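Below: one structure, written as structure tokens.
The shown structure was predicted, so the numbers you read here are calculated from the model rather than taken from an experiment.
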Amino acid sequence: MGFADQRFTVNLSILFTELPLLERPAAAAAAGFTAVELWWPWVDSPTPEQSELDALRRAVEDAGVRLTGLNFYAGRLPGPDRGALSVPGAESERFRANVDVAAGFAASLGCTALNALYGNRVAGVDPAEQDALALENLVLAARAADRIGAVLLVEALNAPESPLYPLVSAPAAVEVADRVNEATGLGNATFLMDLYHLAMNGEDLPAVIERYAARTGHVQIADNPGRGAPGTGSLPLEDLLDRLAKEGYGGWVGLEYKPGDSPSAEAFEWLPREARAAR
């Protein structure tokens with residue numbers, strides 16, 4: 001086994017960002033990839049004009065790549081925000097306005113995984129109030145995902161880089177997914193296992209994989225330290241992905257790492273070109 005046996009998808013919100021958004025799908029295709037994923041691309045707008053949605057859809061289609069994952073509106077990301085769905089007031093309303101827009105866009109490209117970032121804790125607001133709001137909004141998101149045959153992803157981030165984000169362990173994220181499934185009865189809320197974030201939290205990655213592989217709807221990777229390409233840090237990513245496969249995970253592996261100082265097209269030397277097209 002090894003890297004050549006994985007189904008990789010390129011995150012176009014962290015790679016190829018030196019290019020305009022509409023040029024990134026073609027750049028990923030030129031690098032040999034056939035699948036891409038995205039954070040919500042319109043940071044300032046949960047409900048962009050239809051013409052903007054259509055232009056991105058055409059760019060993905062024209063590049064001949066598949067959209068495998070999409071974030072719901074998550075506020076300023078990259079930036080200080082880590083989601084909107086648990087933030088009372090205007091941000092929560094923006095998230096709700098985005099739910100059907102994001103699901104509709106995902107459906108137009110056959111995308112079957114939607115990531116709902118939880119959001120930061122807000123000073124002066126009772127965490128229990130935020131958690132209740134989060135559950136309400138995650139239920140809406142799970143139902144929208146179900147309507148298009150998609151899973152809802154709940155992601156754990158890391159405490160050093162996201163100190164206000166409450167889901168900073170695998171058990172915390174899985175617990176939220178469980179609450180959503182209990183509330184909806186749909187069973188489509190799953191864990192997004194980002195090995196970089198979990199490593200930054202100091203978690204026992206083999207143990208996390210053994211315990212939660214069956215609950216995992218998507219995997220993302222970057223090396224640690226540095227959040228660079230595999231081989232730039234010390235994480236045994238090839239071994240960890242092999243462990244995931246042995247535990248039954250056969251889904252996509254998102255490349256969500258920083259390209260460094262070189263153009264993104266040069267950030268894939270660790271992966272032979274013949275292994276980049278999804279099988």
Side-chain angles (χ1 to χ4, degrees), residues 3 6-79 81 98 101-115 117 148 150 153 192 194 196 218-223 226-232 252-279:
F3 286 139
Q6 306 298 331
R7 301 168 65 206
F8 290 112
T9 181
V10 179
N11 191 297
L12 298 182
S13 297
I14 194 168
L15 286 155
F16 296 107
T17 58
E18 67 269 25
L19 299 174
L21 175 64
L22 298 184
E23 295 179 18
R24 296 177 203 171
F33 293 95
T34 55
V36 299
E37 63 182 20
L38 281 162
W39 303 342
W40 184 248
W42 298 279
V43 175
D44 297 322
S45 177
T47 56
E49 295 293 332
Q50 188 62 45
S51 59
E52 295 182 80
L53 294 163
D54 290 343
L56 181 55
R57 176 181 51 77
R58 285 193 300 270
V60 172
E61 292 173 339
D62 290 349
V65 295
R66 175 180 175 183
L67 183 68
T68 59
L70 178 69
N71 282 19
F72 288 106
Y73 171 78
R76 292 164 293 174
L77 184 73
D81 298 331
N98 173 252
V101 176
F105 181 75
S108 75
L109 286 165
C111 173
T112 56
L114 290 162
N115 184 23
L117 284 170
I148 67 166
L153 301 173
L192 195 169
D194 187 309
Y196 166 74
H218 187 48
V219 170
Q220 291 175 329
I221 64 170
D223 215 332
R227 200 174 184 175
T232 60
W252 297 98
V253 176
L255 304 180
E256 197 186 46
Y257 59 79
K258 298 176 182 179
D261 296 330
S262 300
S264 295
E266 299 176 12
F268 305 106
E269 294 180 356
W270 59 275
L271 184 63
R273 189 176 182 88
E274 60 271 18
R276 298 177 189 178
R279 289 160 299 288

Ignoring hydrogens and angles, tell me if any N or O in the side chain of [X] forms a donor-acceptor pair with the backbone of [Y] under 3.5 Å.
X    : Y    : answer
R276 : F268 : yes
E18  : S264 : yes
R227 : A222 : no
Y257 : A267 : yes
T9   : V36  : yes
R57  : F105 : no
W42  : D44  : no

Please report the closest heavy-atom contact between [X] and [Y], naming both atoms and the distance.
X    : Y    : result
F16  : A265 : CE2-N, 3.8 Å
A35  : F8   : CB-O, 3.9 Å
L255 : L15  : O-CD1, 3.4 Å
L114 : A106 : CD2-CB, 3.9 Å
A59  : P25  : O-CB, 3.7 Å
I148 : A103 : CD1-O, 3.5 Å

Quick one: side-chain contact (heavy atoms from CB on, under 4.5 Å) partners of P46, sequence neighbours excluded?
Y73, R94, N98
For L21 and L56, what are the C-alpha separation, side-chain angles and deciding distance, and is it a side-chain contact (heavy atoms from CB on, under 4.5 Å)?
CA-CA 8 Å; L21 175 64; L56 181 55; 4.1 Å; yes
Less than 6.0 Å separating the ring centroids of W270 and F3?
yes
Out of curiosity, [X] [atom1] to [Y] [atom2], how far, rounded to the nearest 0.5 Å?
X   : Y    : atom1 : atom2 : value
L67 : S108 : CG    : OG    : 8.0 Å
D62 : R58  : CG    : CZ    : 8.0 Å
L12 : E23  : CG    : CD    : 12.0 Å

Could you list the residues that satisfy salt bridge (Lys or Arg N to Asp or Glu O under 4.0 Å) with R76, not counting sequence neighbours?
D81
Min side-chain heavy-atom separation [X]-[Y] under 4.5 Å:
X    : Y    : value
R24  : T17  : yes
V10  : E37  : no
V43  : L77  : no
F33  : L271 : yes
Q220 : H218 : yes

Among N71, L38, L70, which residue meets the side chain to side chain contact (heavy atoms under 4.5 Å, CB included) test with N115?
N71
Quick one: do the E256 and W39 side chains pair a donor with an acceptor below 3.5 Å?
yes
Between T34 and R66, does a side-chain contact (heavy atoms from CB on, under 4.5 Å) hold up when you go through it step by step?
CA-CA 6 Å; T34 55; R66 175 180 175 183; over 6 Å; no
